[in-house]
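Remarks on the structure that follows.
Counting convention: from 1, in listed order, for ligands and their atoms alike.
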Amino acid sequence: MPNTQDPTPMKPFIAGNWKMHKTAGEAVAFAQALAGELNAAQDRDIVIAPPFTALHAVSRSLAGSGIKVAAQNLHWEREGAYTGEISAAMAVEAGCSYAIIGHSERRKLFGEKDEEINRKLKSVLASGLGPIFCIGENLEDRDAGRTLAVLGSQLRKGLDSLTRRDIMETVIAYEPVWAIGTGRAATPGQAQEAHAFIRQTLGKMFDAPPAGIPVIYGGSVSPGNIRSLMEQPDINGVLVGGASLDVDSFVRIVNFDK
Ligand code: PEP
């Protein structure tokens with residue numbers, strides 16, 4: 001079901017997930033180079049997610065640039081005996097505007113379950129940050145024809161008991177696990193099918209077509225394939241891993257239509 005009811009086109013939402021790359025010094029130098037190239041673009045939302053150690057310095061260096069900063073993960077409690085974790089309140093103080101929650105690497109390598117992801121989403125929303133909530137099927141699920149069932153389950157469990165107001169603050173990232181870091185992006189048709197399903201499911205769960213919720217695609221996005229993805233009616237932006245680590249390629253992705 002294409003997003004034809006939306007009368008006002010949404011700004012493209014382009015986010016870069018740096019994962020465990022760049023020291024704080026490297027991150028600030030990169031952020032400044034990016035800000036110089038992108039020159040306070042008003043017509044799109046641009047977000048970068050550096051490692052925790054660089055959040056504060058990068059946020060400060062981006063002041064006035066219009067580029068926002070995201071944490072890559074957060075704990076759901078505000079404080080406590082959780083060695084190695086940081087909270088949403090800490091990310092807010094470090095200058096973050098968003099937090100990536102439920103990335104497939106967190107699910108697969110660190111055993112995050114839908115129930116924990118749900119707690120994290122609630123904590124992020126309560127802190128005033130915008131969650132970038134990641135969902136996606138693995139190759140086995142896709143090959144077995146379970147893609148939409150998996151996405152539906154991740155949406156229902158991850159967003160359980162969130163309000164309509166909460167969902168309007170949330171960005172959904174469809175990231176097929178088999179496309180992440182593999183150089184094999186979903187085809188525009190595969191991505192569109194998943195995005196339309198996500199939008200339709202959100203409409204059912206929150207009792208209205210949530211036309212204002214960005215649904216973005218992630219998985220081997222590059223300067224060469226972004227345009228064909230962004231041409232799809234239900235793709236509102238992208239979450240970029242590897243190609244966000246190079247200024248030139250990330251700038252080309254952000255400026256995909258210029
Ligand atoms: C990601 O990690 O969210 C991602 C999309 O990575 P890549 O662009 O490298 O596939």
Side-chain angles (χ1 to χ4, degrees), residues 12-22 26-27 30 34 44-52 54-55 67-74 96-112 117 120-121 124 129-139 141-142 147 150-151 154-155 158 170-188 190-192 194-195 198 214-230 232 234-256:
F13 188 102
I14 317 274
N17 173 17
W18 292 0
K19 314 191 184 192
M20 198 170 73
H21 291 283
K22 301 189 191 296
E26 291 165 349
F30 186 102
L34 204 58
R44 52 210 66 208
D45 289 311
I46 307 168
V47 179
I48 53 174
F52 289 149
L55 289 176
I67 301 173
K68 302 272 175 33
V69 173
Q72 296 176 16
N73 174 43
L74 292 175
C96 289
S97 304
Y98 293 92
I100 298 173
I101 298 295
H103 190 278
S104 70
E105 286 154 16
R106 300 293 320 166
R107 293 177 189 259
K108 188 171 158 201
L109 304 176
F110 301 97
E112 274 188 23
I117 290 166
K120 291 183 179 203
L121 287 171
V124 164
L129 293 174
I132 301 173
F133 170 40
C134 301
I135 58 171
E137 82 287 1
N138 61 31
L139 195 54
D141 291 327
R142 175 159 283 269
T147 297
V150 168
L151 297 180
Q154 290 174 340
L155 284 172
T170 301
V171 177
I172 309 286
Y174 168 58
E175 296 209 300
V177 179
W178 48 271
I180 295 180
T182 59
R184 180 189 163 198
T187 64
Q190 286 171 322
Q192 167 57 27
H195 282 233
I198 291 167
V215 184
I216 66 176
Y217 167 80
S220 296
V221 172
S222 70
N225 62 21
I226 171 115
R227 192 183 268 267
S228 60
L229 289 161
M230 290 299 293
Q232 303 305 309
D234 286 296
I235 300 185
N236 307 120
V238 287
L239 179 53
V240 188
S244 73
L245 293 170
D246 175 79
V247 174
D248 178 59
S249 81
F250 193 57
V251 167
R252 284 164 63 207
I253 288 172
V254 171
N255 290 334
F256 68 93

Among all the protein's non-hydrogen atoms, which is closest to atom 9 (O) of ligand 1, and how far away is it? G242 N, 2.8 Å
Between I180 and ligand 1, find which residue part has any heavy-atom pair under 4.0 Å and reply side chain, backbone, both or neither. both
Students should be able to answer this: which protein heavy-atom is nearest to atom 3 (O) of ligand 1, and at what distance? E175 OE2, 2.7 Å
Only heavy atoms of A179, strictly under 4.0 Å: list the atoms of ligand 1 that pass. 10 (O)
Residues V124 and G130: closest non-hydrogen pair is CG1-C, 4.1 Å
Under 4.0 angstrom from ligand 1, any heavy atom of A243? no
Close-contact set for ligand 1 against G219 heavy atoms, below 4.0 Å: 5 (C), 10 (O)
Quick check on contacts: which atoms of ligand 1 are under 4.0 angstrom from a heavy atom of N17? 2 (O), 3 (O)
Is the backbone N or O of A186 less than 3.5 Å from a side-chain atom of Y217, with the two atoms forming a donor-acceptor pair by type? yes
Is there a nitrogen or oxygen of V240 sitting under 3.5 Å from a nitrogen or oxygen of ligand 1? no
Atom 1 (C) of ligand 1: which protein heavy atom is closest, and how many Å away? H103 NE2, 3.2 Å
Report yes or no: does a heavy atom of A185 sit under 4.0 Å from some atom of ligand 1? no
Over all atoms of both residues, closest heavy-atom pair of V150 and G136: CG1-O, 4.3 Å
For atom 2 (O) of ligand 1, the protein heavy atom that lies nearest, with its residue and separation: K19 NZ, 2.6 Å
Closest non-hydrogen atom pair, I253 against A243: CD1-CB, 3.7 Å
Which option wins on minimum heavy-atom distance to atom 10 (O) of ligand 1: A49, G181, C134, P176? G181
Please name the pair of heavy atoms, one in A185 and one in N225, separated by the smallest distance, quoted to 0.1 Å. CB-ND2, 3.6 Å
Side chains of N17 and Q72: does their closest heavy-atom pair fall under 4.5 Å? yes
Atom CG of L239 and atom CD1 of I172: how far apart are they, to the nearest 0.5 Å? 12.5 Å
Students often mix this up, so state it plainly: with edges at 30° and 60°, are the rings of Y174 and H195 parallel, tilted or perpendicular? perpendicular
What pair of heavy atoms forms the shortest contact from R142 to T147, and how long is it? CA-OG1, 3.3 Å
Considering distance alone, does some N or O of G241 sit under 3.5 Å from an N or O of ligand 1? yes
